[in-house]
Q: 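Here it is, the structure, as C-alpha cells.
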Amino acid sequence: MSVFSELIRVRDRLGAAAAARMTEIGIDLIIAGLSERLVREVSQPVNGSVVVQRAEAHLETAARRLADPACAHLSIGLLACGCGFAGQAHFVRRFKERHGAAPRAYRQAALVGVP
C-alpha cells in the first residue's frame, strides 16, 4: 500500500468530525517529510488548503502572544515576523479580518488589568 493510499484511508476513517484536527495532522505530515503537495491533496477535501490552515495557525499563535503579558514588550512587527508573516501590513490586515480588531487594540483589550 502506498503512503498516499494509507493517508487517504486514515483521512476517510477520521471523517468530517475531525476536520479541525486536519490542520495539526497536515503540519505533522509535513514535519514527517511528506511533500506539501501530497498533504494538500489529502487534507483539502476535509478542511481547505494547507496554506489556509497554516495562515490560521499563524493567526492563532499571534493572538495568544498578543494576549500574553510576557510578550507585551514585542513590537507588532517583530511579533508578526515571529509568527510567520513576511510583513507587518499583511499581518495587520489578516489579523483584523480574522479577529475583528487590529493587533494593537486586541493586545490592549487582552492586557487590561494585567500589572
Side-chain angles (χ1 to χ4, degrees):
M1 178 177 282
S2 73
V3 172
F4 183 73
S5 300
E6 180 66 16
L7 291 174
I8 294 293
R9 188 185 66 74
V10 169
R11 185 204 63 204
D12 292 344
R13 214 170 105 202
L14 288 173
R21 291 232 342 109
M22 285 308 291
T23 299
E24 294 172 22
I25 292 169
I27 291 169
D28 289 345
L29 293 174
I30 291 169
I31 291 170
L34 297 174
S35 74
E36 187 172 336
R37 181 193 61 77
L38 177 61
V39 174
R40 190 178 318 120
E41 287 179 15
V42 172
S43 63
Q44 192 164 3
V46 178
N47 194 28
S49 74
V50 170
V51 173
V52 171
Q53 293 171 7
R54 274 195 196 150
E56 286 297 315
H58 293 309
L59 288 169
E60 290 309 311
T61 299
R64 281 193 307 276
R65 289 182 183 170
L66 286 167
D68 184 353
C71 295
H73 68 285
L74 297 175
S75 69
I76 301 297
L78 188 59
L79 190 137
C81 181
C83 291
F85 288 89
Q88 182 174 344
H90 177 68
F91 166 68
V92 170
R93 273 193 310 276
R94 292 296 313 275
F95 191 89
K96 195 171 183 178
E97 287 172 5
R98 175 72 169 82
H99 293 283
R104 190 171 315 280
Y106 185 93
R107 174 185 268 169
Q108 289 170 346
L111 297 178
V112 168
V114 174

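These numbers come from a predicted model, not from an experiment. Computed over heavy atoms, backbone and side chain alike; hydrogens, waters and symmetry mates excluded.
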Q: If you compare all heavy atoms of A72 against all heavy atoms of R107, which two are closest, and at what distance to 0.1 Å?
A: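 Scanning both residues completely, I find the closest heavy atoms to be O-NH1, 3.7 Å.
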Q: Got a second to check how far C81's SG is from I76's CD1, nearest 0.5 Å?
A: 13.0 Å
Q: So which heavy atom on D68 is nearest to which on L111, and how close?
A: C-CD2, 4.2 Å
Q: Looking only at heavy atoms, which two atoms of S75 and L78 are closest? And how far apart?
A: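 Result for this residue pair: OG-N, 3.0 Å.
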Q: Working to the nearest 0.5 angstrom, can you tell me the gap between L59 CG and F85 CZ?
A: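 Between L59 CG and F85 CZ, I get 4.0 Å after rounding to 0.5 Å.
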Q: Show every donor-acceptor pair shorter than 3.5 Å between a side-chain atom in residues 86-97 and any protein atom, with sequence neighbours excluded, or say none if there are none.
A:
none

